[in-house]
Amino acid sequence: MGRLLDALDDAVCIEDAAGIIQECNSAFCDLLSAQRAELIGAHGSSLRHRFADTWEVQRREFVADDGAQRTLVRLRDRSRELAKEEALATRAKELEQNERKLAEILSRQRSVQHAQRLESVGQLTGGVAHDFNNLLAVITGCLELLKVRAGENRPVIELADRALTAAERGAALVQRLLAFSRRQMLNPEPTDVNSLVTDVLELSRRSLGEHIEIETQLCSDLWPVLVDASQLENAILNLVINARDAMPDGGILMVSTNRFRVDVAEDGLVVGEYVKIAVSDTGTGIPREHLGRVFEPFFTTKETGRGSGLGLSMVYGFVTQSHGAVRIHSETEAGTSVELFLPRVGFVPHVEPEEAAEQPRGRGELVLVVEDDPAVRRTVVSVLEELGYRVLEASTAADAFEILQQTSVDLLLTDVVLGGTASGPELVERARERMPSLNIIFMTGYAEQHLSAVGQDANILKKPFRAPELARMLREVLK
């Protein structure tokens, strides 16, 4: 019996009906700091009272082999049990914290992977958009010339106008691709967001239909934001149209504005103050499995033919290029909310509306056109000659500089990105060392990251440009 009791970790003894100890284990002896022989025959209760506060006594009666009544007494250390419980609770908290940290790491990893995927797609679409801009520049230029040379041939002029309209739609599509890839050219200015939202909703109210109720919650003391107002207008209009399409049976469209402060950098937002614009609907919502892809170009949850898949991607690119962020929340059959965060500025200037300019002709001035794409170069040259200018042309910066050393020109019209060893801005820098007063106009189908060397006050024509736009800028620079 003694060997069996010694196998137990707890202090254990066996008492008879009178409470006299008949047997005990080593743990019991160690607890009382006594030998087994000293403890057997002693009264158990007289020994146990000293441990009443910290030890739990468990008793179980049984009948011995000789028929005598016996009691198994087990002493359990309460402090040790409490320590075990505390250790288990501490471990449970550690596991919970580790699980939360792991979830945060996985969430950040998914965000990084999503951003990297969007960046890769953006680089691809930006390059494709640049090439399309060059193609559209040739198409629109040739169509403009065709209209001029058609004279009074109305059927030809009408065909050219239709083709120009299609080319303009193509240019708008390319602009959306550039917006997504954050490669479009922006003209940021301090903007009153509440006024802009009000104007957009007023313009779109008729197209939304009577079955959609419009509600607004506009912050009365909202900060202005530094943003391209026309692009922000397009972004909000895209979100409003998406909300309309998500509510075919009617619902509520809510547009709200508010102040928003970021104290800890997160989700693409650095610490600072922002204006938050939220466009929400009570429509069909977006399935959870699609939420991670909604900003990718050409991805759409709409039916075939009902959307290009560029609306949200354009919004994403424009807002991130404007140093803001976009967040989307959606549940199936519970609606969608898209939030735009744009950094604040301190004031809103009053800007007078521009009057429509005429299309003036040249006065025989000499223009040097520098463009590495032969089709674009020849088209621009033809348009300038049609407008009454004398024209020289070059395909590289080196060829252009050689011409400039031999000939005095009135204006240099150069692409920003050129083939060869030097870019358009580098050509201009060298040319102005020789001719400080040389008039300069840049052409580009690329974007902002290629314009850092051009300068904020530079004259820039965005491809594809129309003949009237080219004519007006030339006369403005040469006046």
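Nothing here was measured: the structure is a model prediction, and the numbers come from that model.
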What are the two closest heavy atoms between Cys219 and Asp221, and how far apart are they?
SG-OD1, 3.1 Å
Enumerate the ring-ring contact (aromatic ring centres under 6.0 Å, His included) contacts for residues 239-272, please, sequence neighbours excluded, ordered by first and then second residue.
Phe260-Phe341
Over 12 non-hydrogen atoms of neighbours within 6.0 angstrom of CD in Glu273:
yes
Does any non-hydrogen side-chain atom of Asp415 lie less than 4.5 Å from one of Val376?
no
Student check: side-chain heavy atoms of Glu38 and Leu32 closer than 4.5 Å
no
What pairs with Ala375 under side chain to side chain contact (heavy atoms under 4.5 Å, CB included), at least two apart in sequence or on another chain?
Val138, Asp373
When rounded to the nearest 0.5 angstrom, what distance separates CG in Asp263 from CG in Leu269?
12.0 Å
Using modelled atom types only, decide if a donor and an acceptor are shared between the side chain of Thr282 and the backbone of Ile252 within a distance under 3.5 Å.
yes
Looking at Asp30, I want to see if its CG is surrounded by more than 12 non-hydrogen atoms of other residues, nucleotides or ligands under 6.0 Å.
yes
Min side-chain heavy-atom separation Thr198-Leu218 under 4.5 Å
yes
Salt bridge (charged side-chain N to carboxylate O under 4.0 Å, His left out) assessment of Glu94 paired with Arg91
CA-CA 5 Å; Glu94 290 176 354; Arg91 182 58 179 160; 3.3 Å; yes
Leu95 CG to Arg100 CZ distance, which is reported to the nearest 0.5 Å
11.5 Å
Note: Ser330 and Ile286 closest approach over all heavy atoms is OG-N, 2.7 Å
Over all atoms of both residues, closest heavy-atom pair of Arg377 and Ser395:
NH1-CB, 3.6 Å
Student check: side-chain heavy atoms of Val200 and Val255 closer than 4.5 Å:
no
With sequence neighbours excluded, residues passing side chain to side chain contact (heavy atoms under 4.5 Å, CB included) with Phe465:
Val380, Met443, Leu461, Lys463, Glu469, Leu470
Show your reasoning for whether side-chain contact (heavy atoms from CB on, under 4.5 Å) applies to Arg344 and Arg259.
CA-CA 9 Å; Arg344 65 167 291 191; Arg259 296 182 174 190; 6.0 Å; no
Let's go through Thr140 and Leu164 carefully: what are the C-alpha distance in whole Å and the side-chain angles of both, what is the deciding distance for side-chain contact (heavy atoms from CB on, under 4.5 Å) to 0.1 Å, and is it a yes or a no?
CA-CA 6 Å; Thr140 54; Leu164 280 169; 4.1 Å; yes
Contact summary for Arg36 and Ser26, nearest pair of heavy atoms:
NH2-N, 3.8 Å
Side chain Ser337, main chain His329, donor-acceptor under 3.5 Å
no
Does the Asp372 side chain pair with the main chain of Thr396, one donor and one acceptor, at a distance under 3.5 Å?
no
Any side-chain heavy-atom pair from Leu226 and Pro190 closer than 4.5 angstrom?
yes
Got Ile40 and Glu23 here, is their nearest side-chain heavy-atom distance under 4.5 Å?
yes
Taking side chain to side chain contact (heavy atoms under 4.5 Å, CB included) as the test, write out the residues that go with Glu99, two or more places apart.
none
Test Leu253 against every option in Met247, Arg244, Arg205 by the side-chain contact (heavy atoms from CB on, under 4.5 Å) rule and name the one that passes.
Met247
Measure the spacing between CD of Gln22 and CD1 of Ile14 and express it to the nearest 0.5 Å.
9.0 Å
Ser322 and Asp228, any side-chain heavy atoms less than 4.5 Å apart
no
Got a sec: does the CD of Gln69 have more than 12 other heavy atoms crowding it under 6.0 Å?
yes
Step by step, work out the side-chain contact (heavy atoms from CB on, under 4.5 Å) result for Leu340 and Leu239.
CA-CA 10 Å; Leu340 313 183; Leu239 298 180; 4.1 Å; yes
Could you walk me through whether Leu75 and Val57 pass the side-chain contact (heavy atoms from CB on, under 4.5 Å) test, one step at a time?
CA-CA 5 Å; Leu75 299 178; Val57 179; 3.4 Å; yes
On a heavy-atom basis, which atom in Ile460 and which in Met473 lie closest, and how many Å separate them?
O-CE, 3.6 Å
Please say whether more than 12 non-hydrogen atoms of neighbouring residues, nucleotides or ligands are located less than 6.0 Å from CZ in Arg60.
no
Nearest heavy-atom pair of Val338 and Val326: which atoms, and what distance?
CG1-CG1, 3.8 Å
Please collect all ring-ring contact (aromatic ring centres under 6.0 Å, His included) contacts where either partner lies in residues 13-34, sequence neighbours excluded, each pair once.
none
Please name all residues satisfying side chain to side chain contact (heavy atoms under 4.5 Å, CB included) with Met254, sequence neighbours left out, ordered by chain then number.
Glu215, Gln217, Ser280
Without swapping roles, check the side chain of Asn25 against the backbone of Asp10 for a donor-acceptor pair under 3.5 Å.
yes
Do Ile20 and His43 touch side chain to side chain, with heavy atoms closer than 4.5 Å?
yes
